[in-house]
Protein chains: 2
Amino acid sequence: MASSSYSNSPCAACKFLRRKCMPDCIFAPYFPPEEPQKFANVHKIFGASNVSKLLNEVLPHQREDAVNSLAYEAEARMKDPVYGCVGAISVLQRQVIRLQKELDATNADLIRYACNEMPAANPQFARRMGHGGVSYDQSSGIYYPSPWNDDPCGERGDGSV
Amino acid sequence: MASSSYSNSPCAACKFLRRKCMPDCIFAPYFPPEEPQKFANVHKIFGASNVSKLLNEVLPHQREDAVNSLAYEAEARMKDPVYGCVGAISVLQRQVIRLQKELDATNADLIRYACNEMPAANPQFARRMGHGGVSYDQSSGIYYPSPWNDDPCGERGDGSV
């Protein structure tokens with residue numbers, strides 16, 4: 001974390017806003033002069049006033065993380081003005097669903113081997129069955145994998161799992 | 001998509017900003033009067049002026065998606081002022097890495113069965129080996145799983161995959 005408030009150079013925020021950088025500048029510890037684009041991005045997307053308000057609303061030890069997450073969001077929005085970092089969330093959610101389905105299918109194949117229901121040379125070895133097994137948490141908008149279901153070889157002797 | 005520009009009610013944005021809602025209001029199609037919180041959130045986090053600028057920068061058919069992604073980000077930032085929706089990205093990235101490791105380990109177990117290297121009752125059945133197999137794309141900040149590696153039973157006869 002660079003602090004420019006005690007140096008001669010104004011921080012990147014004060015330089016951008018063409019104002020004197022005071023020793024108690026709220027931006028200075030998080031926007032060093034050698035990273036001018038970081039402040040330019042958050043200023044363009046959120047506005048300096050909103051960033052300042054947000055920094056004052058969180059605890060001092062949380063401010064660096066807050067600035068870095070704002071900078072990440074701002075950069076993502078500048079790269080993709082329509083979706084911003086929500087685009088990354090969609091990609092990751094699809095990855096989680098795909099991986100969970102693949103894992104469910106691979107576990108199902110493995111259980112068939114363990115239960116001696118599938119011969120080693122079975123061409124269905126690579127088949128992927130797409131069980132699902134992912135639940136959606138509406139409050140966070142995140143897909144969570146469901147816990148692994150036990151007793152795979154128990155009741156069902158028909159090859160299904 | 002609700003449009004209040006042709007009704008008597010001002011849109012949620014104009015009502016919030018206490019201004020007359022004109023027929024060509026940029027906000028009206030995306031901020032209907034019955035969803036006042038949606039505009040209040042994006043106004044608090046991004047500022048009305050920044051939202052208006054962004055809407056004018058994207059194509060008309062992209063504006064609804066742009067507003068919805070801004071509303072998602074704004075709501076996430078209000079729930080979690082430190083990390084906002086970047087917190088969801090971190091959770092999802094960890095999920096992708098964990099699932100990819102589990103999948104690699106399960107595939108490794110499956111290959112051992114297929115290669116007849118592991119007896120059906122082997123207690124190592126459930127062991128997870130954590131191969132990795134995930135690559136990080138610095139430009140998007142997203143972890144991508146690596147493609148599946150072929151020829152699992154070929155050269156190496158030592159049980160490793």
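A, B, ... follow the sequence lines: proteins, then strands. Residue 1 opens every chain.
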- Pick from Cys85(A), Ala66(A), Ser69(A), Pro81(A) with the largest number of heavy-atom pairs that fall under 4.5 Å of chain B: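 So the answer, after comparing Cys85(A), Ala66(A), Ser69(A), Pro81(A), is Ser69(A).
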Tell me if a side-chain donor or acceptor on [X] pairs with a main-chain N or O of [Y] at a distance below 3.5 Å.
X: Glu35(B); Y: Pro32(B); answer: no
X: Thr106(A); Y: Glu102(A); answer: yes
X: Lys15(A); Y: Ser9(A); answer: no

- Quick one: which of Val58(B), Asp65(B), Leu55(B) has the most heavy-atom pairs under 4.5 Å with chain A, could you say?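 When all of Val58(B), Asp65(B), Leu55(B) are compared, Asp65(B) has the most.
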- Message: For the residue pair Asp104(A) / Gln100(A), report whether a side-chain donor-acceptor contact shorter than 3.5 Å exists.
- Response: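 On atom types as modelled, these side chains qualify, holding a pair under 3.5 Å.
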- Task: Using a strict cut-off of less than 4.0 Å between a Lys/Arg side-chain nitrogen and an Asp/Glu carboxylate oxygen, indicate whether Arg77(A) and Glu73(A) qualify as a salt bridge.
- Result: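 Salt bridge absent between Arg77(A) and Glu73(A).
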Against chain A, label [X] side chain, backbone, both or neither, depending on which of its atoms sit under 4.5 Å from a heavy atom there.
X: Lys53(B); result: neither
X: Leu70(B); result: both
X: Gln62(B); result: both
X: Leu54(B); result: side chain

